[in-house]
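A short worksheet on the structure shown next.
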Amino acid sequence: MKNVTEGHREPPPENQECHPNPKPNLASSTAKTQFSDPSDDYSIDPIFHILRVLPFSFLRPPKLRLKIPTVTLPSAMTVFSLILLTYFMVVSGIVYDVIVEPPGIGSTQDRFTGAVKPVVFLPGRVNGQYIIEGLSSGFMFVLGGIGIVLLDLATDKNREKSVKVSFASAGIVFVVIAYVMSMLFIRIKIPAYLR
């Protein structure tokens, strides 16, 4: 008689199988059917098998030791300089200069003497400019922007009083120069502007 207690069974003899009708492992078979290409096992095309086996019989993948490049973030002053340069190029009309290709400077002929005089500002047209005119106006806009930045630096409480006074005075001078020169440029370009 076999002695069977609860929770303990004797191992089967060596010549007897554990499970006479084993259940198939559904998880492994499902994974195999999901990720395996049917053409790998069931293709009857001999060229496919030759192309699949022959190149790898003499080709070996190289052993590469690639390092991921480390990218360091630029400093705050570098980013500020790039943004300021981009701002200068945009407000100077670099897109207009590339598309329209205006001359660097214009010229006009004097009615009385017939002499040709250079003209920096394209008169009477708000939507047109010479290259030097755009660069001059862009420089004044950048000068005013730098003045505002200096005024902002002058409000820092951690700086010495003399440094804050220097920043504030330079910022005010830059903003005033930029405003006066911009108004002068627009009045040269359009004489009846705001009058």
Side-chain angles (χ1 to χ4, degrees), residues 37 51 55 59-195:
D37 189 5
L51 291 176
L59 291 176
R60 295 287 180 267
K63 295 180 180 179
L64 298 176
R65 293 181 179 177
L66 299 177
K67 293 182 179 179
I68 299 175
T70 56
V71 179
T72 58
L73 293 176
S75 64
M77 189 53 69
T78 305
V79 175
F80 174 74
S81 303
L82 289 176
I83 291 175
L84 195 64
L85 180 65
T86 306
Y87 174 72
F88 171 72
M89 293 175 66
V90 169
V91 298
S92 296
I94 189 73
V95 177
Y96 175 84
D97 293 341
V98 169
I99 294 174
V100 180
E101 296 180 359
I105 196 169
S107 62
T108 184
Q109 190 173 9
D110 195 352
R111 290 182 296 177
F112 303 106
T113 62
V116 177
K117 296 188 298 184
V119 176
V120 177
F121 294 94
L122 184 63
R125 285 185 57 193
V126 182
N127 58 349
Q129 69 174 13
Y130 296 126
I131 294 177
I132 299 299
E133 174 188 353
L135 294 176
S136 304
S137 303
F139 177 74
M140 289 302 148
F141 294 152
V142 170
L143 187 67
I146 291 175
I148 293 173
V149 170
L150 290 176
L151 287 174
D152 179 64
L153 292 175
T155 60
D156 190 4
K157 296 179 180 179
N158 297 326
R159 298 184 188 276
E160 294 180 5
K161 188 176 180 181
S162 60
V163 176
K164 291 197 293 186
V165 169
S166 301
F167 280 166
S169 56
I172 291 171
V173 168
F174 285 0
V175 170
V176 169
I177 289 175
Y179 175 75
V180 170
M181 293 303 293
S182 297
M183 293 303 294
L184 178 64
F185 289 169
I186 197 69
R187 284 179 180 160
I188 291 172
K189 193 171 182 66
I190 306 172
Y193 181 71
L194 292 179
R195 288 183 183 175

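Residues: numbered from 1 along the sequence shown. Only this structure's heavy atoms are used, side chains among them; waters, hydrogens and symmetry mates stay out.
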(Q) If the condition is side-chain contact (heavy atoms from CB on, under 4.5 Å), which residues does Val95 pass it with, not counting sequence neighbours? (A) Ile99
Q | Sequence neighbours excluded - salt bridge (Lys or Arg N to Asp or Glu O under 4.0 Å) pairs with any residue from residues 143-158 | A | Asp156-Arg159
Q | OG on Ser182 to CD1 on Ile177, rounded to 0.5 Å | A | 11.0 Å
Under 3.5 Å, which donor-acceptor pairs do the side chains of residues 105-114 form with other protein atoms, sequence neighbours left out?
from   : atom 1 : to     : atom 2 : distance (Å)
Gln109 : NE2    : Gly114 : O      : 3.1
Asp110 : OD1    : Phe112 : N      : 3.4
Asp110 : OD2    : Thr113 : OG1    : 3.1
Thr113 : OG1    : Ala115 : N      : 3.4

Q.
Give me each pair satisfying salt bridge (Lys or Arg N to Asp or Glu O under 4.0 Å) with a member in residues 90-106, each pair once, sequence neighbours excluded.
A. none
Q. What residues form a side-chain contact (heavy atoms from CB on, under 4.5 Å) with Val180, not counting sequence neighbours?
A. Val176
(Q) I need the minimum non-hydrogen distance between Ile132 and Val120, along with the two atoms involved. (A) CG2-CG1, 4.1 Å
Q.
Determine whether Phe88 and Leu135 satisfy the following criterion, side-chain contact (heavy atoms from CB on, under 4.5 Å), listing intermediate values before the conclusion.
A. CA-CA 8 Å; Phe88 171 72; Leu135 294 176; 4.0 Å; yes
Q. Can you pull the ring-ring contact (aromatic ring centres under 6.0 Å, His included) pairs that have at least one residue in residues 128-183, sequence neighbours excluded?
A. none
Q: Determine whether more than 12 heavy atoms belonging to other residues, nucleotides or ligands lie under 6.0 Å from atom CG of Leu64.
A: yes
Q.
With rounding to the nearest 0.5 angstrom, report the OG to CG distance, Ser166 to Leu153.
A. 12.0 Å
Q | Considering all heavy atoms, the nearest Ala168-Ala154 contact | A | N-CB, 3.6 Å
Q | Residues forming a side-chain contact (heavy atoms from CB on, under 4.5 Å) with Val79, sequence neighbours excluded | A | Pro74, Ile83
Q: Return the minimal non-hydrogen interatomic distance between Pro123 and Val119, and the atom names on each side.
A: CD-CG1, 4.4 Å
(Q) Filter on side chain to side chain donor-acceptor pair (under 3.5 Å), then keep only pairs touching residues 72-89, sequence neighbours left out; what's left? (A) Ser75-Thr78
Q: State, with a plain yes or no, whether a side-chain heavy atom of Pro102 is found less than 4.5 Å away from one of Ile131.
A: yes
Q) What residue pairs, at least two apart or across chains, pass side chain to side chain donor-acceptor pair (under 3.5 Å) with a residue in residues 137-150? A) none
Q. Salt bridge (Lys or Arg N to Asp or Glu O under 4.0 Å): which pairs involve residues 177-194, sequence neighbours left out?
A. Glu133-Lys189
Q. What residues, two or more places apart in sequence or in another chain, satisfy ring-ring contact (aromatic ring centres under 6.0 Å, His included) together with Phe185?
A. Phe121
**Q.** Spacing of CD1 belonging to Ile186 relative to CG belonging to Leu184, to within rounding of 0.5 Å
**A.** 10.5 Å
**Q.** salt bridge (Lys or Arg N to Asp or Glu O under 4.0 Å): pairs with one or both residues in residues 161-175, sequence neighbours excluded
**A.** none
Q.
Tell me whether Met181 at atom CE has more than 12 heavy atoms from other residues, nucleotides or ligands lying less than 6.0 Å away.
A. yes
Q. With side chains defined as the heavy atoms from C-beta onward, is the minimum distance between Leu84 and Ile146 less than 4.5 Å?
A. yes
